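Right, one structure below, let's go through it.
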Amino acid sequence: MWALILGLILFLGPHSVRIVAPAWRDARLAAWGERRWKLSYTAVSLVGLLLILWGYGQARLNPHPLWATPRGMNHLAGLLMLGSLILLAAAYVPRNHLKARLGHPMVLAVKLWALGHLLANNTVADLVLFGAFLVWAVLDFRSARRRAEPRPPAGTARGTAIVVAIGVVVWIVFVAGLHRALIGVSPFPTVG
């Protein structure tokens with residue numbers, strides 16, 4: 001569990017600097033330059049991500065359930081994941097209505113991902129992992145909405161259709177077997 005917690009600190013820490021210390025971040029950027037800042041940020045985040053993956057995998061070997069998961073939560077989580085993957089695509093596909101309207105679809109995608117997984121899973125490790133990401137995403141979204149940033153370009157029907165198509169295709173690939181191959185469990189036990 002300690003590897004998971006350390007990984008979360010190392011991963012979410014750099015991702016939280018804009019939330020808790022924007023002036024310090026700006027000073028580092030000015031002093032180090034964008035390249036050095038991004039390399040440092042990426043290196044620390046990558047170590048954190050590897051620790052998260054290893055720590056969560058280790059914690060799953062000896063699960064400690066906290067509650068009985070209500071029937072059907074995996075289906076609700078699956079629906080939330082569909083929305084999450086569409087929002088994730090919206091963060092990268094140019095000129096789509098979701099990004100134009102929401103401004104920060106990737107952070108909203110993380111919120112839905114974390115919430116869905118909290119609903120469908122019930123162990124201490126799940127609460128630590130998905131709870132940490134959910135709290136981070138809520139705080140980051142609030143922080144991002146307060147910053148004066150340029151609005152994304154207006155969305156188009158074509159851009160939005162591409163976003164939805166990518167999200168749906170990726171969701172189908174995960175349900176059909178990629179989630180089981182990567183994580184070891186099928187999101188819907190009767191599928192894959």
Side-chain angles (χ1 to χ4, degrees), residues 1-5 7-8 11-12 15-16 48-93 96-99 101-142 144-145 155 159-192:
M1 185 67 75
W2 286 109
L4 173 59
I5 293 169
L8 287 165
F11 185 81
L12 294 176
H15 286 85
S16 300
L49 180 61
L50 293 172
L51 282 169
I52 288 169
L53 294 172
W54 184 73
Y56 184 69
Q58 292 300 305
R60 286 180 55 206
L61 297 175
N62 188 20
H64 298 285
L66 294 171
W67 58 81
T69 303
R71 183 176 166 89
M73 284 296 110
N74 59 328
H75 292 89
L76 179 56
L79 183 61
L80 291 172
M81 281 308 303
L82 176 59
S84 176
L85 291 168
I86 291 170
L87 287 168
L88 184 61
Y92 294 101
V93 174
N96 67 79
H97 290 297
L98 292 171
K99 187 168 187 171
R101 175 80 171 116
L102 302 171
H104 303 279
M106 181 183 288
V107 177
L108 293 172
V110 172
K111 278 185 184 181
L112 289 181
W113 169 80
L115 178 61
H117 284 78
L118 275 172
L119 292 172
N121 297 286
N122 65 349
T123 69
V124 172
D126 297 319
L127 181 62
V128 170
L129 175 63
F130 302 117
F133 271 96
L134 182 58
V135 168
W136 171 82
V138 167
L139 295 174
D140 191 55
F141 189 74
R142 286 179 59 202
R145 299 289 272 192
T160 304
I162 291 170
V163 161
V164 172
I166 290 171
V168 168
V169 167
V170 171
W171 184 82
I172 289 169
V173 168
F174 264 87
V175 169
L178 186 59
H179 193 278
R180 183 202 262 330
L182 292 176
I183 311 300
V185 282
S186 176
F188 306 114
T190 58
V191 177

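Quick note: numbers below take in every heavy atom, side chains included, and nothing from hydrogens, waters or symmetry partners. Because the structure is a prediction, the values reported are computed rather than measured.
- The CD1 atom of I5 sits 11.0 Å away from atom CG of L129, with the distance rounded to the nearest 0.5 Å.
- From N121, atom CG reaches atom CG of L66 across 11.0 Å, with rounding to the nearest 0.5 Å.
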I'd like a table of donor-acceptor pairs (distance under 3.5 Å, sequence neighbours excluded) in which one partner is a side-chain atom from residues 52-60, with atom names and distances.
unit_1 : atom_1 : unit_2 : atom_2 : d
Y56    : OH     : D126   : OD1    : 2.3
R60    : NH1    : I183   : O      : 2.8
R60    : NH2    : I183   : O      : 3.1

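- No more than 12 heavy-atom neighbours from other residues, nucleotides or ligands sit within 6.0 angstrom of CH2 on W2.
- With hydrogens and angles ignored, the 3.5 Å screen pairs a side-chain donor or acceptor of W136 with a backbone N or O of H15.
- Judged as a side chain to side chain contact (heavy atoms under 4.5 Å, CB included), and not counting sequence neighbours, R101 has no contacts.
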Assess the residue pair Y92 and M106 against the criterion (side-chain contact (heavy atoms from CB on, under 4.5 Å)); give the C-alpha distance rounded to whole Å, side-chain angles, the decisive distance to 0.1 Å, and a yes or no.
CA-CA 9 Å; Y92 294 101; M106 181 183 288; 2.6 Å; yes
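- To the nearest 0.5 Å, atom CG of residue L182 and atom CZ of residue F174 are 6.0 Å apart.
- In this structure, H117 contributes its side chain and W113 its backbone to a donor-acceptor pair below 3.5 Å.
- Smallest separation of non-hydrogen atoms from A89 and V163: CB-O, 3.7 Å.
- In this structure, CZ on F133 lies 4.5 Å from CG on L12, to the nearest 0.5 angstrom.
- The two atoms that bring S186 and R180 nearest to each other are N-NH1, 3.9 Å, heavy atoms only.
- Contact detail for A120 and T69: the closest heavy-atom pair is O-CG2, 3.8 Å.
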Side-chain atoms of residues 78-87: list all donor-acceptor pairs with protein atoms under 3.5 Å, sequence neighbours left out, distances to 0.1 Å.
unit_1 : atom_1 : unit_2 : atom_2 : d
S84    : OG     : A109   : O      : 2.7

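- A distance of 9.5 Å separates CG of D140 from NZ of K111, quoted to the nearest 0.5 Å.
- Between atom CG of residue L134 and atom CG of residue L112 there is a gap of 9.5 Å, rounded to the nearest 0.5 Å.
- Between the side chain of N122 and the backbone N or O of P65, no donor-acceptor pair lies under 3.5 Å.
- Smallest separation of non-hydrogen atoms from G116 and A77: O-CB, 3.2 Å.
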